[in-house]
Engineer: 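I have a structure here, written as structure tokens, and I will follow up with some questions on it.
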Amino acid sequence: MAVAVGIHDIALATGHYAMDLAELAVRHGVAADKYYIGLGQHRQTVPAADEDIVTMAAAAAQQIVAEHGANDIRTVLLATETGVDQSKAAAVYVQELLGLPSCTRAVELKQACYGGTSALQLAAGLVHRDPGHRVLVLASDIAKYDVDSAGEATQGAAAVAMLVSADPAVAVLEPGSGLYTADVQDFWRPNYRTTPVVDGKLSVSVYLEAVEQAWKDYEAHGGRSLGEFAAFCYHQPFTKMAYKAHSRLLEINGVAPDRLRLDADLAHFTVYNRMIGNSYTASLFVGLLSLLDHAEDLSGRSVALLSYGSGCVAEFFGMSVVPGYRERLRTAANQAAIARREPVGYERYRQLREAELPEDGSSFTLESRGAGPFRLHAVREHSRIYQARRLIRV
Ligand code: HMG
């Protein structure tokens, strides 16, 4: 009999500060509603200087390890496109910070925002091969664009940790996927840049084409029909993009994408992303968490997921929600992580942004700034030194 494999537990972390997009609208000389309504974004997470993708991933993962223990986790897959090293996997730092056993496989994965889904699918393969094996999947990113660019309003930062196992308690990955890859220059970040090169309008149209092609491939491989899905999750660079993507999916299935239908299908899953902003690899799973935390009981129902990563790779797949999943959710912790961010105005945001770490190889020590459980303490002789600030109570 086939083993059911999927998400056994899922947890969220985000950064220390948050800026309301009305602040950015003043600077950009546009109405705040362009961002609130036009992009569907309200706030964006701004990380503290001593926070990065390692500290956020460890903060999300620690909640899972505290509950389930570390011993049966034999693989850590960390997906990011804002990594801190070209060779060493960020997963190795997380393995050490969490005190995972040394008999662990720790790897970093990349394909823009699609990386988190690639890690999830690879994890599922490992568990199918050995159902006693549990895999910690981490998706962690800081989305940052050029100052005064159109993309600046879509910035954000977050990490999602998922424990992938046999007989999961939250959601089972359904068989079959719709896949799409095309070599497109819509968004990319060469090694010599700290911000991406973006063709924003092209990126929107390529994303929509990817939705259509991935869905067609899903159908061609015997996937469910549209009407069998109780809910939908899309990669959310900004929440309005999910509305555009879902409209395209409905249209190609002959359903009119009227506002009532769109809101009914998407309102629950956009709640967290609207407040966090783009979190690249984590964004789809922040949306999944938002859906699980806010929707009526989805026990036994199927949820559709569309992952998109610029460049581009997309995948359409389904998950079946496990009855009783609500007991596993961390709704209060997720909401608290978003609510406790310290508000910053535009000037403070620019100070935080401009206090970027030296990139000339010099050593430095950072004052403790954030409030998360882990921090980047220093860089000495090119080595990053992380510290536990405090232990999360779960
Ligand atoms: P823009 O030029 O600032 O915005 O760029 P716009 O002029 O197109 O306006 C946006 C929307 O606001 C429009 O609505 C306007 O009508 C509306 P739409 O036509 O789209 O429905 N609007 C208003 N609404 C209410 N009140 C008002 C008002 N004014 C205007 N007063 C763009 C938008 C997305 C291009 C920009 O934000 C950008 O470049 N973002 C970064 C790239 C991006 O997020 N692309 C999304 C697809 S690619 C992707 O998702 C992958 C990615 O996550 C990276 C990865 O994979 O690693 C980015």
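One-based numbering, in listed order, for ligands and for the atoms of each. By convention here, the first residue in the shown sequence is residue 1. Source: prediction; values computed, not measured.
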Engineer: Suppose we call two aromatic rings close when their centres sit under 6.0 Å apart. Are Phe374 and Tyr93 close by that rule?
Structural biologist: no

Engineer: Does a salt bridge link Asp50 with Arg389, judged by any charged N lying under 4.0 Å from a carboxylate O?
Structural biologist: yes

Engineer: Looking only at heavy atoms, is any part of Asn278 under 4.0 Å from ligand 1, and if so is it the side chain, the backbone, or both, or is it neither?
Structural biologist: side chain

Engineer: If you measure from the Lys or Arg side-chain nitrogens to the Asp or Glu carboxylate oxygens, is any gap between Arg384 and Asp52 under 4.0 Å?
Structural biologist: yes

Engineer: Should Tyr114 be listed as contacting ligand 1, given a heavy-atom distance under 4.0 Å as the test?
Structural biologist: no

Engineer: Can you check whether Tyr207 has an N/O within less than 3.5 Å of an N/O in ligand 1?
Structural biologist: no

Engineer: Using distance alone, determine whether Ala150 and ligand 1 share an N or O pair under 3.5 Å.
Structural biologist: yes

Engineer: Run through Tyr280, Tyr207, Tyr308 and flag the one making a ring-ring contact (aromatic ring centres under 6.0 Å, His included) with Phe187.
Structural biologist: Tyr280

Engineer: State the atoms of ligand 1, each with its element, that fall below the 4.0 Å cut-off from a heavy-atom position in Cys113.
Structural biologist: 52 (C), 53 (O), 54 (C), 55 (C), 56 (O), 57 (O)

Engineer: Under 4.0 Å from a heavy atom of Ala31: give me the atoms of ligand 1 that qualify, with their elements.
Structural biologist: 31 (N)

Engineer: Whether Arg348 and Glu23 form a salt bridge (side-chain N of Lys/Arg under 4.0 Å from carboxylate O of Asp/Glu) is what I want to check.
Structural biologist: no

Engineer: Ring centres under 6.0 Å, that's the criterion: do Tyr36 and His42 meet it?
Structural biologist: yes

Engineer: Does only the side chain of Val206 get under 4.0 Å from ligand 1, or the backbone, or both, or neither? Count heavy atoms.
Structural biologist: neither

Engineer: Counting heavy atoms only, which of Gln155, Arg189, His235, Met241 is nearest atom 53 (O) of ligand 1?
Structural biologist: His235

Engineer: Are there protein heavy-atom neighbours of atom 16 (O) of ligand 1 below 4.0 Å?
Structural biologist: no

Engineer: For Glu81 and Ser140, indicate whether the former's side chain and the latter's backbone hold a donor-acceptor pair under 3.5 Å.
Structural biologist: no

Engineer: Going by a strict under-4.0 Å cutoff (protein heavy atoms only), does atom 35 (C) of ligand 1 have a neighbour on the protein?
Structural biologist: yes

Engineer: Which is closest to atom 11 (C) of ligand 1 by heavy-atom distance: Ala143, Gly38, Ala32?
Structural biologist: Gly38

Engineer: With heavy-atom distances below 4.0 Å as the criterion, list the atoms of ligand 1 near Phe238.
Structural biologist: 34 (C), 44 (O), 46 (C)

Engineer: Is the shortest side-chain N to carboxylate O distance from Arg134 to Asp9 below 4.0 Å?
Structural biologist: no

Engineer: Taking only heavy atoms of Lys244, which atoms of ligand 1 are found under 4.0 Å from at least one of them?
Structural biologist: 18 (P), 20 (O), 21 (O)

Engineer: Indicate the atoms forming the closest heavy-atom contact of Ser368 with Arg375, along with that distance.
Structural biologist: N-NH2, 3.2 Å

Engineer: Just to check, does Gly309 reach to within less than 4.0 Å of ligand 1 when the distance is taken from its heavy atoms?
Structural biologist: yes

Engineer: Under 4.0 angstrom from ligand 1, any heavy atom of Lys240?
Structural biologist: yes

Engineer: Go through ligand 1 atom by atom and flag the ones less than 4.0 Å from a non-hydrogen atom of Ser203.
Structural biologist: 42 (C), 43 (C), 45 (N), 46 (C), 47 (C), 48 (S)

Engineer: Using a strict cut-off of 4.0 Å, indicate which atoms of ligand 1 neighbour a heavy atom of Ala112.
Structural biologist: 55 (C), 56 (O), 57 (O)

Engineer: Hey, are Glu174 and Arg224 close enough for a salt bridge, meaning a charged N less than 4.0 Å from a carboxylate O?
Structural biologist: yes

Engineer: Considering only heavy atoms of Gly200, which atoms of ligand 1 have at least one such atom less than 4.0 Å away?
Structural biologist: 35 (C), 39 (O)

Engineer: Report, in ascending order of atom number, the atoms of ligand 1 lying under 4.0 Å from any heavy atom of Thr154.
Structural biologist: 37 (O)

Engineer: With a 4.5 Å heavy-atom cut-off, do Phe232 and Leu226 have their side chains touching?
Structural biologist: yes

